[in-house]
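Shown next, in structure tokens, is the structure this report addresses.
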Amino acid sequence: MKLIKLSLIVFTLGIFSCVNKETEATSTEPSETTEAKTPFDFGVWISADAKKTNEAYTKEFEKYKSAGIDEVLINTGTDPELLKRLVPVATKQGLKVHAWIMAMNRPGDSIALQHPEWYTVSKEGKSCYDTRPYVDYYQWLCPTRKESRNHVLSLVEGLAKVDGIESVHLDYIRFSDIFLPIGLLPKYNLVQDTELPQFDFCYCDECVKAFEKIHHKDPRKSKNTSIDMEWKNFRLNAIKSVVDDAYKIVHKYDKNLTAAVFPYPEMADHMVRQRWDKWDIDEVYPMIYHGFYNEEVDWVGYATKQGVTDLEGKRTKVNTGIYLPAFKTEEELKEAIVLAKENGAKGICFFDGPALTEANLKTIKETKASLK
């Protein structure tokens with residue numbers, strides 16, 4: 001998924017990452033006609049390579065489109081010029097384009113690296129600037145500090161200005177994982193039965209000062225921050241504030257805001273301080289990677305329904321994200337697609353495009369045809 005694509009494919013988005021205004025007006029057509037015309041979109045996440053030719057991308061996009069894929073979520077490393085180059089190539093093949101950005105996790109960000117104070121700080125007092133949790137590409141920026149949040153929002157705006165995109169697609173729009181997916185713990189030789197201080201962020205001076213102003217206490221002095229709901233809610237709201245500001249920015253350019261998020265709101269809240277059902281956002285792509293959680297395929301339906309239910313009455317839509325290596329058979333892949341649709345998702349997205357085999361593409365095409 002980006003400059004660090006190979007690492008991310010192993011560890012991926014998870015270690016890899018709205019109270020909206022009014023419900024949209026319903027169609028004036030009869031309900032049965034509306035249901036028949038309701039689209040179920042198929043998408044893929046891909047990472048762009050500036051060295052790859054337009055001709056090569058044309059072939060890749062043709063492959064997706066011929067299999068029934070409707071949209072590509074492209075990570076250009078927040079490079080608007082590369083995005084401008086790829087948008088017409090994709091749209092010519094009939095694909096919608098979303099500009100995928102690593103938001104609060106900014107590995108190798110040359111501007112941010114000039115400002116060590118921008119980075120989140122653990123309960124141990126160590127900064128992501130030089131002490132990174134889990135993996136070296138975890139370089140999380142503070143969502144509370146004005147300068148770091150404005151830097152992220154400026155990158156969002158740069159992508160939102162690009163003509164022809166459907167949305168700016170936020171990834172890593174959260175804090176670092178306080179809890180890893182259970183299936184990943186053996187990889188890091190970890191047991192996480194409680195909130196461990198080295199994985200608990202952000203205790204930087206700016207966050208502490210802002211929290212103290214509201215609640216008149218220093219979270220660093222708390223004996224058990226895991227049950228301090230004000231402190232947890234402060235951080236949930238810090239991420240929400242970034243998302244809500246991003247929403248205003250992208251809509252100024254007549255684009256939508258979407259995001260890759262953890263499987264369902266309560267789980268995201270617990271694992272990464274992310275409560276996406278309370279955001280101002282158009283669509284979410286929960287990463288329902290059942291293999292990461294040692295779950296079976298039917299969990300795709302369960303987690304999709306949880307998110308859809310939490311968003312009931314709101315206009316935010318759900319697109320179920322699935323991780324291709326977790327499927328043992330094509331029948332399982334088909335089952336996941338059907339479960340996503342049956343449980344209320346408006347679409348499904350695959351991580352990632354290059355991982356799609358010919359058998360996968362055939363399954364996707366046939367399954368899409370069977371859903372009509």
Is there a donor-acceptor contact under 3.5 Å from the side chain of [X] to the main chain of [Y]?
X: Tyr253; Y: Asp163; answer: no
X: Lys314; Y: Asp277; answer: yes
X: Glu295; Y: Gly291; answer: no
X: Asn256; Y: Asp282; answer: no

Exercise. Which word best sums up how the rings of Trp45 and Tyr289 line up, parallel for under 30°, tilted for 30 to 60°, or perpendicular for over 60°?
Worked result: perpendicular
For this session: Anything under 30° is parallel, anything over 60° is perpendicular, the rest tilted; go ahead and classify Phe350 against Phe42.
Result: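 Rings of Phe350 and Phe42: tilted, as their planes differ by 30° to 60°.
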Are the ring centres of [X] and [Y] closer than 6.0 Å?
X: Trp276; Y: Phe262; answer: no
X: Tyr134; Y: Phe199; answer: yes
X: His290; Y: Phe327; answer: yes

For this session: Begin from the C-alpha positions of Arg106 and Ser148 and carry the test side-chain hydrogen bond (donor to acceptor under 3.5 Å, both in side chains) through to its verdict.
Result: CA-CA 10 Å; Arg106 300 290 310 153; Ser148 50; over 6 Å; no
For this session: Compute both the distance and the angle, then confirm whether Lys52 meets the cation-pi test with Tyr57: under 6.0 Å from the six-membered ring centre, within 45 degrees of the axis.
Result: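 Yes, cation above the ring, under 6.0 Å and within 45°.
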For this session: Hey, could you give me each pair passing side chain to side chain donor-acceptor pair (under 3.5 Å) that has a residue in residues 116-128? Not counting sequence neighbours.
Result: Lys123-Thr225
For this session: List the steps and the verdict of side-chain hydrogen bond (donor to acceptor under 3.5 Å, both in side chains) for Tyr137 and Asn105.
Result: CA-CA 8 Å; Tyr137 61 80; Asn105 182 27; over 6 Å; no
Problem set entry | salt bridge (charged side-chain N to carboxylate O under 4.0 Å, His left out) between Lys223 and Asp228, intermediate numbers included | CA-CA 10 Å; Lys223 292 182 180 179; Asp228 188 333; over 6 Å; no
Which residues pass the ring pair (Phe, Tyr, Trp, His ring centres under 6.0 Å) test with [X], not counting sequence neighbours?
X: Phe175; result: none
X: Phe234; result: Phe211, Trp231
X: Phe201; result: none

Exercise. With Asp79, which residues qualify under side-chain contact (heavy atoms from CB on, under 4.5 Å), at least two apart?
Worked result: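 Per chain and number, Asp79 pairs via side-chain contact (heavy atoms from CB on, under 4.5 Å) with Thr76, Glu81, Leu82.
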Problem set entry | Connected-component partners of Met229 among ILVMFWY, side-chain separation under 4.5 Å |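 Reading the cluster by chain and number, Met229 sits alone, since nothing else belongs.
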Problem set entry | Candidate list Gln114, Gln139, His151, test side chain to side chain donor-acceptor pair (under 3.5 Å), partner Asp109, passing option |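 When Gln114, Gln139, His151 are each tested with Asp109, the side chain to side chain donor-acceptor pair (under 3.5 Å) holds only for His151.
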